[in-house]
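Working notes for the structure below.
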Amino acid sequence: MTKPKIALYWAAACGGCDVAVLDTNEKILDIANLADIVFWPVALDFKYHHVEEMADGSIDLCLFNGAVRNSEQEEIAKLLRARSKVMVAFGACACFGGIPALGNFTTRDEIFERVYIESPSSANENRTFPQTLTRVEEGELDLPEMFDTVMTLVQVVDVEYFIPGCPPPVDIILKVVDLFASGQLPPVGAIIASDKTLCDECERTKEEKKISRIYRPHHIIPDPNRCLLEQGIICCGPATRGGCGVRCVKANMPCRGCFGPPAGVIDQGAKLVSAIASIYQGNGKEDIDRMLEEIVDPAGTFYRFGMADSLLKRKRLPQDERRA
Amino acid sequence: MKKISVNPITRLEGHGKIEIFLDDNGEVANAYLQIPELRGFEKFCEGRPVEELPRIVPRICGV
């Protein structure tokens, strides 16, 4: 009997999701016994043309990590979708945009200006920027088009399952391998993590306390046993899906939301605004204005991993400003 | 001129491709290394609180 075929790919990502697969340690041998890996750029020497030469539906499972940031990633997402029976958005970037989607607070032109002109190591008097097509003496060179807006995988192709996390924890990866091996895959659209919030899994003491100011890490030494949010430290737990093992909070670091919104929540940032507002105690507009000032970079914190998946999706583009 | 594409470069972290041009004798006339991806950390880290950067920039490379 031929083994099932697995493909792994990275789009706009850091490689941490691929390393998470390797973090299964000796269990990676079980994965190799279970299936043939037919594409995995970080680890194996298959090229794009190998995937192009495969028949549609010939890959049984594709674990796609990374956000979609340029035209090549969009093309490969569509190619792998066509070739794969089951497409999985693997990790926070593929599921929600992740850290690369912080780029949705800016534009391609602003990124190019900063990287290729303003950066202290750039000497670029001719203002040369990447081109999709460049003529050189020997012929033509092409590059993908970088998009203004970072997208999630499901905004580009149909996706069967979502595995959140930056990166997904090993126990969830092994659970997915078991589900795949046993043929007991969950209903299409399932997010393979907890349905509850991070707070439901957090062991810190919650006292239903109100807060009257927001602290940054250098203002106080947080009590390791009490809820961080009730100590005035912004923690994204109330607006974040559980299943991560509460890794950051156990290390006395507030949650930043890499598991995305919990079941029933459409917009992670809006949910967090609601959670913070519900425990804030102040007297009138002056206090509220002060507290808003105390939250440094609310958008970049509440949507740290989820800007592409949010209702807003991005900062307004200059062309939209003109139209408005 | 004949062009050989090595795309993507594998077994490293990051995205890259190599285009090799061959002359009429099949010898390498020139070769280009291209980096087809940019995420823009240099720009989108601006405006983030300094204490948050140790949680953002590790995602430049997670290998």
Side-chain angles (χ1 to χ4, degrees), chain A residues 10-20 40-49 67 69-70 72-73 93 98-106 108 110-115 118-119 130 136-144 146 150 166-167 216-218 248 253 256 296-297 300-301 304, chain B:
Chain A
W10 52 11
C14 70
C17 284
D18 295 86
V19 172
W40 192 8
V42 75
L44 299 168
D45 196 26
F46 296 107
K47 305 297 181 193
Y48 291 142
H49 71 85
R69 216 288 160 246
N70 66 38
E72 177 186 80
Q73 292 158 355
C93 296
I99 293 291
L102 289 172
N104 286 0
F105 290 119
T106 174
R108 173 180 53 199
E110 286 171 355
I111 289 172
F112 277 8
E113 190 74 17
R114 176 69 182 81
V115 172
E118 294 168 9
S119 88
V136 292
E137 201 181 314
E138 300 84 12
E140 287 180 344
L141 298 170
D142 60 278
L143 278 174
M146 183 170 164
V150 177
C166 184
R216 293 173 74 178
H218 51 280
C248 296
M253 294 293 283
R256 283 295 171 261
V296 186
D297 185 31
T301 305
R304 175 64 49 80
Chain B
M1 217 174 254
K2 193 172 183 240
K3 185 163 84 169
I4 297 172
S5 292
V6 181
N7 190 21
I9 305 176
T10 49
R11 292 172 292 178
L12 54 67
E13 199 287 315
H15 297 245
K17 66 170 173 171
I18 299 169
E19 307 278 25
I20 305 163
F21 289 96
L22 303 180
D23 64 20
D24 294 342
N25 299 321
E27 300 289 336
V28 174
N30 211 342
Y32 294 85
L33 167 66
Q34 290 181 284
I35 309 298
E37 202 221 9
L38 172 72
R39 284 167 296 166
F41 277 82
E42 297 91 329
K43 184 66 189 173
F44 68 62
C45 284
E46 291 176 354
R48 310 278 88 82
V50 67
E51 68 268 20
E52 293 291 326
L53 289 180
R55 310 188 73 181
I56 295 174
V57 295
R59 274 77 180 200
I60 291 172
C61 175
V63 172

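Just so it is clear, the values below take in all heavy atoms, side chains as well, and ignore hydrogens, waters and symmetry mates. By convention in this document, chain letters (A, B, ...) are assigned in the order of the sequence lines, proteins followed by strands, and residues within each chain are numbered from 1.
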Given a strict heavy-atom distance threshold of 4.5 Å, which part of [X] is in contact with chain B: side chain, backbone, both, or neither?
X: A12(A); value: both
X: A11(A); value: backbone
X: C17(A); value: neither
X: E110(A); value: both
X: W10(A); value: both

Any side-chain heavy-atom pair of [X] and [Y] under 4.5 Å:
X: Q34(B); Y: L141(A); result: yes
X: Q73(A); Y: E37(B); result: yes
X: K43(B); Y: F112(A); result: no
X: M146(A); Y: L38(B); result: yes
X: R59(B); Y: C93(A); result: no
X: E19(B); Y: D142(A); result: yes
X: F21(B); Y: E137(A); result: no

Is N7(B) reaching over with its side chain to a backbone N or O of Y48(A), donor-acceptor style, under 3.5 angstrom?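 A pair under 3.5 Å: no.
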Indicate yes or no for a side-chain donor-acceptor contact from K47(A) to the backbone of S5(B) under 3.5 Å, with no hydrogens or angles considered.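 Judged by distance alone, no pair lies under 3.5 Å.
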Could you pull out the closest heavy-atom pair between [X] and [Y], with the gap in Å?
X: R48(B); Y: D297(A); answer: NE-OD2, 2.6 Å
X: V19(A); Y: V63(B); answer: CG2-CA, 3.6 Å
X: E13(B); Y: G15(A); answer: OE2-N, 3.8 Å

Approximate separation, where rounding is to 0.5 Å, of [X] [atom1] and [Y] [atom2]:
X: E46(B); Y: T106(A); atom1: CD; atom2: OG1; result: 8.0 Å
X: E52(B); Y: R304(A); atom1: CD; atom2: CZ; result: 4.0 Å
X: F41(B); Y: L102(A); atom1: CZ; atom2: CG; result: 8.0 Å
X: R216(A); Y: E51(B); atom1: CZ; atom2: CD; result: 4.0 Å

Contact leader toward chain A among C61(B), P8(B), G40(B), where contacts are heavy-atom pairs under 4.5 Å: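 Top count of heavy-atom pairs under 4.5 Å with chain A: P8(B).
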Go through [options] and name the one with the most non-hydrogen pairs under 4.5 angstrom from chain B.
options: N104(A), V150(A), V42(A), N70(A); answer: V42(A)
options: G16(A), P41(A), A20(A); answer: P41(A)
options: P130(A), C248(A), G103(A); answer: G103(A)

Using non-hydrogen atoms and a 4.5 Å limit, figure out which bit of I56(B) sits close to chain A: side chain, backbone, both or neither.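 Both backbone and side chain.
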Got a sec: does the CG of D24(B) have more than 12 other heavy atoms crowding it under 6.0 Å?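 Open.
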Residue K2(B) excluded, over 12 heavy atoms near NZ under 6.0 Å: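 Check fails, neighbour count at 12 or below.
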